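All of these numbers come straight from a predicted model, not from anything done at the bench.
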Amino acid sequence: MEQNQTTNNIQVIPAPSSIISGKGFFNLNASTKLRLPNNDPALLGLGDYFSDLIRTATGFDLETTNDDASSNTIIIELAESLAAEGYHLEVTPEKIHITAQQAAGAFYAIQTLRQLLPAEIESQKAVDAIQWKVPVVTIQDAPRFSYRGLHLDVGRHFFPVEFIYKFIDLLALHKMNRFHWHLTEDQGWRIEIKKYPKLQEISAFRDETLIGHYNDQPHQFDGKRYGGYYSQEEIRKVVAYAESRFVTVIPEIEMPGHSLAVLAAYPELACHEGPFKTGNKWGIYNDVFCPTEATFEFLENVILEVIELFPNSPYIHIGGDETPKLQWKNSAFCQQLIKEQGLKDEHGLQSYFIQRMEKFINSKGKQIIGWDEILEGGLAPNATVMSWQGIEGGIAAARQGHDVIMSPTSHCYFDYYQSRSDDEPLAIGGYIPLDKVYNYEPIPEELTEAESKHILGAQGNLWTEYIPTGEKAEYMVYPRAIALAEVVWSQLENKDYDDFAQRLSHHFKRLDELNVNYANHILDIESKITPNENGLNLSMTTIHPTANIRFTTDGSEPSSTSSTYNTPLVIANDQVVSAAVFEKDEKISRTSQLDFKMHKAAGKTILLETPPAPAYSLGGKQALINGIRGSSQRYGDGEWLGWSGADLVATIDLGASEVVNSVQMRFFNGNGQWIYLPKKVVISLSEEGENFKEAGTLNVFEETLDKTKTIQVDLGEKTGRFLRVQVERFGLIPDGLQGGGHEAWLFVDEIEVN
Ligand code: ACM
């Protein structure tokens, strides 16, 4: 056979530790047998799992055999010598031989085998006229990290239990093993607790839901009652189903914050009388549990039922994040408790709260996980920390000898935008494209080797304020979760983004068969704008190895007859560059459009006194003078740069003395997301780069609901070579508002000098 002449091209995600590909195929057919020599009950289950997996598409009912001489056999057995969760998979034309130390490893071998079969193996109906060939190969594999997780917030939106099953199946397909089920929120309590029926009657429902983005002002609501919860019966089934796929379900019960829905049902657990209603909009609420005996009794009773429902989870996640201290400050009870317990302040009280719950949970044989705010005021002795605000919490916890799961907003928040395109569906904000997730390294450089042992792995989070359906949830999670799967499973030396992208485009066929609504942005054009003597250079790339980029500069849609892009374009005047990827005559990417508006500073040199925050520095400082304005809807698109806790001080070298009439700037405004207009802007000029003279100033701040504000500082024909822009930030957000007590963010896109 012709195909036998070439070595097989193996495409498995996440990348296995080692692959030795051979020639030829194993043919899975109606007479293929299954042999499970150990007769281990766990392996018997796996035999059934594999038979079920292939039955619909192939129509085969695999027979089992004890005959160790028979060919055309798939053998699954346990062997002592392999790594935990690791496996060895050998495919020859006669047999497929899987060995693993534990059933989990054999399960992962089956996931690999599944990916070696044609994508149609996933079909939900019988597929004829296909040969079920498995390429000859030897694969040795084991995970890099033991915690490979995905989180789902079912509080903001409730997802039917069928979706939860599919979510777990997709996790398992990519060798992930932890499902963090975020079950309680201000906007809805989703787990049946028999002792407290009002959680089901009241806390599981809200009167209505915010329409559009939290930043859109004034807030509008849909007027529709919304809610639901999982019965204990449903939860038990989910947990058992996940266990059969080697996924541990970790329940999260939020405390002391994100508890408004509970207070709506049991107002006596708050620090003030209320009244309270289950949350109907997003953000952080000031209404939190009061650390009274009644609260602890309630939470302990809840936890007792939770522990029973999740018998195989070593952890109970207790939240601990985003707890405003306002009401504790105003509560005579809390102030007295702080004194009695010898605590320093309200952060000490949060630590007291968590430590008390930890003691109770430990006494029941379980460990707690908490978001990194549980570091505030002192870490509970045995807690595992989920580092989300950044990696600093994880570093601090690991240094204190605590286990850590990395889940930073910089790389692991799948509710953030994944494309810079303005036609993305509404998301919370931010920008985390696929390659950023892929290039995430969970072990911080700052840690010693011994400290690094505490990094158990990483987790992707899906907060669902803006995700009302399973379809949209899949769009946000996939393929980014697959990139994360490779981060946590594959050995570092086997990571290669271009190779991953190739395997992923192949893998998409499988996801199509599984009806996964993934986002396909990997072909989108990447544009890079750099300074050039005559203005700007625009270079464009796609990861597709053989396709062409075609473009227009007249605003028209690129077609198969448009100019082919070969070398960087020189941009000297205002123009619109529209480009797309074409394979032969077919357009295979979305159109990317760049609207260049040239000005005196475009493409010149710029220095910043303080660089933007790493999370909002995607375009680099040059983005401030690259001729392109940011999105008018989103600040995470790469054109906007963001600062927190620092003013913007930029010095632009215009290259020669120029007459400057005006400077235009635009600021993002979204107080719900802690983004404020600055106080004022000062423009100064200098001929030699020192002794700057003030040339114009403008007060910017105003109370407004507009998303952006454009200002123009008129200078009136002043001359200079160096132009300095000083933007004085808003400063601390007042208490009682979203983000109260934190520094406000400052966001700026283009500095246009005319
Ligand atoms: C979180 O994102 N509040 C953990």
Check whether any side-chain N or O of [X] sits under 3.5 Å from a backbone N or O of [Y] as a donor-acceptor pair, and report yes or no.
X	Y	result
Ser387	Gly390	yes
Lys604	Gly655	no
Ser578	Phe551	no
Tyr417	Ala427	yes
Asp647	Arg729	yes
Asp595	Val576	no
Lys621	Ile606	yes
Glu728	Lys680	no

Does the ring center of [X] lie less than 6.0 Å from the ring center of [Y]?
X	Y	result
His174	His507	yes
Tyr616	Trp745	yes
His157	Tyr466	no

Basic-acidic side-chain contact under 4.0 Å: [X], [Y]:
X	Y	answer
Arg629	Asp749	no
Glu750	Lys597	no
Lys707	Asp216	yes

| request: Scan Phe747, Tyr431, Trp640 and name whichever one has a ring-ring contact (aromatic ring centres under 6.0 Å, His included) with Tyr635. | output: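 When Phe747, Tyr431, Trp640 are each tested with Tyr635, the ring-ring contact (aromatic ring centres under 6.0 Å, His included) holds only for Phe747.
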
| His180 and its ring-ring contact (aromatic ring centres under 6.0 Å, His included) partner, picked from Trp371, Trp388, Trp463, Phe167 |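 Going through the options one by one, the only one that passes is Trp371.
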
| Distance from Leu511 atom CG to His506 atom NE2, nearest 0.5 Å? |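 Those atoms lie 11.0 Å apart.
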
| query | How many angstroms lie between CD in Glu424 and OG in Ser419, if you round to the nearest 0.5 Å? | reply |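 Separation between the atoms: 4.0 Å.
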
| message | Measuring only between side-chain heavy atoms, which start at C-beta, is Ile428 closer than 4.5 Å to Tyr416? | response |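 When only atoms from C-beta onward are counted, Tyr416 and Ile428 do touch, with a gap below 4.5 Å.
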
| message | Between Leu648 and Met665, does the side-chain contact (heavy atoms from CB on, under 4.5 Å) criterion hold? Intermediate values first, please. | response | CA-CA 12 Å; Leu648 162 61; Met665 296 181 72; 4.3 Å; yes

| Are Lys495 and Tyr438 in a cation-pi contact, defined as NZ or CZ under 6.0 Å from the six-membered ring centre and within 45° of the axis? |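 Yes.
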
| request: Please report the shortest heavy-atom distance between Gln418 and Met476, naming the atom on each side. | output: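 Heavy atoms of Gln418 and Met476 come nearest at NE2-CA, 3.9 Å.
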
